[in-house]
Visitor: 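Got a structure here, written out as structure tokens. Questions coming.
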Amino acid sequence: MDSMATLPIVQYEEKIIETVERNPVVVVIGETGSGKSTQLSQMLYRRGYADSARIAITQPRRVAAVTVARRVAQELGVQLGEEVGYAIRFEDRTSHRTRIKYLTDGVLLRESLVNPELNEYSVIILDEAHERSLNTDILMGLMKRLAKIRTSNLKVLITSATLDGDKVSNFFRDCPVLTIPGKLYPVEILYSKERPSSYLESSLKTAIDIHVREPEGDVLIFMTGQDDIEKLVSKLEDKVRSLEEGSCMDAIILPLHGSLPPELQVRVFSPPPPSCRRIIVATNIAETSLTVDGVVYVIDSGYVKQRQYNPSTGMYSLDIVQISKVQANQRAGRAGRTRPGKCYRLYPSQVYNDEFLDVTVPEIQRSSLAGSVLYLKSLDLPDIDILKFDFLDPPSSESLQDALKQLYLIDAIDENGAITSIGQKMAELPLEPSLSRTLMEANDYGCIPEALTVAAMLSAETTLLPGRSKTEKKRKHPEPNLPDGFGLGDHIQLLQIFECWDQTDYDIGWCKDNGLQVRGMLFVRDVRKQLSQIMQKIAKGPLDRRRGESRQDYRNLRKALCVGYANQLAERKMHHNGYRTLGFQGQVVQVHPSSVLKADDLGKFPDYVVYHELIATPRPYMRNVCSVEMRWVVPVINKLKTLDVYKLSGGTGPVEEENERNIPDLPKKNFEVTAGVDDSESRIQAARERFLARKGKK
DNA sequence: GAGCACTGC
């Protein structure tokens with residue numbers, strides 16, 4: 001473990017304090033191992049910055065907030081939760097004595113909903129801002145405003161990456177930039193002469209070369225996904241086994257990705273047997289989230305899987321894209337934590353220099369912004385206009401308009417773009433707007449208990465385990481004993497599953513027997529409790545049913561869903577089971593094969609459904625659908641007709657062409673197949689890269 | 001015959 005004295009940042013203390021003293025905002029470029037996350041807060045604490053109010057340090061991840069807080073408490077010799085504490089969702093370990101508070105940036109956003117001036121804090125440090133999470137980006141905008149309003153009693157520090165420092169400084173009115181060197185050992189970068197024809201084969205060959213020729217030290221290989229990881233692991237195992245015994249040291253191959261059960265994930269943290277090399281084949285999870293000790297060699301494919309949102313179609317896609325320079329350097333740095341290392345980049349230096357973006361496209365430019373726009377509107381800051389909100393990297397106006405349209409259709413904002421009383425209540429719920437709107441409607445229909453459960457289940461996403469073996473994958477549903485939603489759809493099934501679990505008194509064994517992720521289900525229980533507490537203030541009826549008293553009639557719940565998902569409606573095509581989405585450019589989509597939605601005796605799906613999500617993988621699917629009735633859809637369609645983006649944007653946006661929207665005339669008529677998936681530039685680019693990456697594997 | 005990078009309130 002590092003002792004404080006060896007951390008590079010310690011020598012910069014005077015300089016840092018002096019700069020902070022003179023400036024309301026300071027950008028700190030702290031390279032890996034500089035100790036910024038643990039030391040900045042302590043320095044300011046020592047100099048009295050926490051005397052009148054607290055020091056807040058945000059982290060993008062929960063584990064980071066907890067581990068760094070624990071570490072600082074230890075260094076200061078205090079009990080965690082006393083002078084040093086942390087706050088993450090479901091867990092607040094702070095007290096009135098807390099001076100240094102670590103928290104996730106999501107929690108700080110929630111806090112600023114209650115107190116927009118954040119008077120509780122005298123210093124706010126946004127750590128790891130270079131990761132550019134959606135929440136960090138919103139916080140940066142808010143900090144810019146706050147620094148101006150509270151010049152006399154607030155200091156803001158933003159930590160960033162080398163390649164981004166000047167830009168962040170420009171954003172904060174050319175505030176000073178301090179660079180603190182890291183404590184990494186040198187990493188030699190080795191480029192490939194050309195792009196490999198196969199990343200899999202090239203990774204395999206490089207890994208075996210290292211294993212045979214290089215001295216001891218673990219190997220970390222960055223791949224894009226579970227599939228590639230599994231293939232490479234098995235090839236590596238074959239190859240290592242075939243190496244002549246005694247000709248080199250032993251090797252164990254370890255996969256590492258998010259859908260790996262936790263007990264297998266932790267294997268990478270236990271030390272290897274003596275004279276045995278570990279070869280870890282990982283996704284991006286090993287780039288920032290998990291740090292594996294002992295890595296000396298890194299193999300970098302140069303690719304990552306990234307989720308992107310297309311605001312003109314309302315569709316998400318998961319694309320394989322090239323990483324940024326920041327990411328490539330972060331990956332390389334993983335080789336230099338314990339001693340000098342090597343990084344094998346499976347691409348030429350020219351690709352790195354000319355093709356890689358400096359920094360990763362920020363999440364704010366890749367996501368649906370409905371939730372964020374609602375959040376900003378609910379803050380009701382007189383001096384902030386959402387469409388002109390000062391973002392470090394502003395999202396496209398198309399994306400902002402999409403968010404406004406969505407919010408208007410679910411009554412969160414009025415025709416002039418002003419937040420409504422419904423919208424104000426929705427913003428308090430830590431949910432996507434469609435689900436918070438569903439809860440509001442459920443309140444009127446007397447089905448809060450059910451809506452709470454559905455919202456909580458959808459917050460977790462991964463409660464149903466995927467098939468565990470190849471043969472099991474053939475089965476349509478993982479476990480036959482689970483309820484089927486009466487064929488009405490996935491929302492109803494999720495509700496029934498939770499109700500079953502509730503009846504077993506939250507039995508862990510029951511989850512395991514039924515192929516449900518234990519962690520996911522426990523998370524759902526926590527979320528439901530949290531939502532229930534928030535709803536208590538406005539609930540017109542009970543928040544829970546008596547155990548076993550489940551409502552078998554899901555009509556009201558489905559009506560509430562129809563209102564909440566007004567943006568996510570689809571109409572079945574007359575002659576087959578394809579659907580066409582309403583409201584966006586008409587997308588032809590299918591019900592995801594994993595859905596429990598049932599067709600009628602004639603083999604037809606319901607005429608109308610709501611969907612939780614559209615995902616192109618690469619074919620367009622609706623994931624998590626629920627059947628609704630036409631007469632519930634009518635008001636939504638009528639509202640679509642009144643939509644005026646120009647007014648919604650406060651009369652600043654461009655006027656939208658009427659025919660861009662897919663608004664059916666009722667009664668229902670047959671629609672021509674006009675448009676498939678929208679092929680915007682980015683999708684073509686993504687498809688090209690996917691093609692290149694796939695081509696390599698064959 | 002479908003497929004799932006990673007976070008977070």
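Scope of the values below: all heavy atoms of this structure, side chains included, with no hydrogens, waters or symmetry mates.
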Visitor: Side-chain N or O of A:Arg619 versus OP1/OP2 of B:dA2: is the shortest distance under 4.0 Å?
Guide: yes
Visitor: If we check side chain to side chain donor-acceptor pair (under 3.5 Å) with A:Tyr86, which of these qualifies: A:Arg62, A:Gln59, A:Glu91?
Guide: A:Glu91
Visitor: If you take any heavy atom closer than 4.0 Å to DNA chain B, which residues from residues 283-292 of chain A end up in contact?
Guide: A:Thr283, A:Ile285, A:Ser289
Visitor: Please work out which of the three classes, parallel, tilted or perpendicular, describes the rings of A:Tyr347 and A:Phe356, given edges at 30° and 60°.
Guide: tilted
Visitor: Look at all strands and tell whether A:Thr104 reaches a base, only sugar-phosphate, or nothing, counting heavy atoms closer than 4.0 Å.
Guide: sugar-phosphate
Visitor: Distance check: side-chain N/O of A:Thr617 vs OP1/OP2 of B:dG3, anything under 4.0 Å?
Guide: yes
Visitor: Just call it for A:Val107: base, sugar-phosphate, or nothing, with non-hydrogen atoms closer than 4.0 Å on any strand.
Guide: sugar-phosphate
Visitor: So, A:Ser595 and A:Arg623: side-chain donor and acceptor under 3.5 Å apart, yes or no?
Guide: no
Visitor: Let me know the distance between OH of A:Tyr86 and C1' of B:dG8, rounded to the nearest Å.
Guide: 16 Å
Visitor: May I ask you to decide if the ring planes of A:Tyr199 and A:Tyr303 are parallel, tilted or perpendicular, using 30° and 60° as cut-offs?
Guide: perpendicular
Visitor: Give the intermediate values and the outcome of salt bridge (charged side-chain N to carboxylate O under 4.0 Å, His left out) for residues A:Glu128 and A:Arg61.
Guide: CA-CA 10 Å; A:Glu128 316 292 356; A:Arg61 278 171 295 282; 5.8 Å; no
Visitor: Using atom CZ of A:Arg110 as one end and atom C1' of B:dG8 as the other, report the distance to the nearest whole Å.
Guide: 10 Å
Visitor: Given B:dT7, B:dC9, B:dC4, which nucleotide is nearest the side-chain atoms of A:Arg61?
Guide: B:dT7
Visitor: If we check side chain to side chain donor-acceptor pair (under 3.5 Å) with A:Asn284, which of these qualifies: A:Gln306, A:Arg331, A:His257?
Guide: A:Arg331
Visitor: For A:Gly258 and A:Phe523, take the nucleotide of DNA chain B holding the closest heavy atom to each; which residue's nucleotide lies nearer the 5' end?
Guide: A:Gly258
Visitor: Side-chain N or O of A:Arg62 versus OP1/OP2 of B:dC9: is the shortest distance under 4.0 Å?
Guide: yes
Visitor: With heavy atoms under 4.0 Å as the rule, sort A:Gln306 into base, sugar-phosphate or nothing.
Guide: nothing
Visitor: Check every strand shown and say whether A:Tyr375 touches a base, only sugar-phosphate, or nothing at a heavy-atom separation below 4.0 Å.
Guide: nothing
Visitor: Measure from the side chain of A:Arg307, starting at C-beta and using heavy atoms only, and say which of B:dA5, B:dA2, B:dC9 lies closest.
Guide: B:dA5
Visitor: Between the side chains of A:Gln406 and A:Asp402, is a donor N or O closer than 3.5 angstrom to an acceptor N or O?
Guide: yes
Visitor: Expressed as a whole number of angstroms, how long is the span from A:Ile364:CD1 to B:dG8:P?
Guide: 18 Å
Visitor: Can you work out whether A:Asn135 or A:Arg366 has the more 5'-proximal nearest nucleotide on DNA chain B?
Guide: A:Arg366
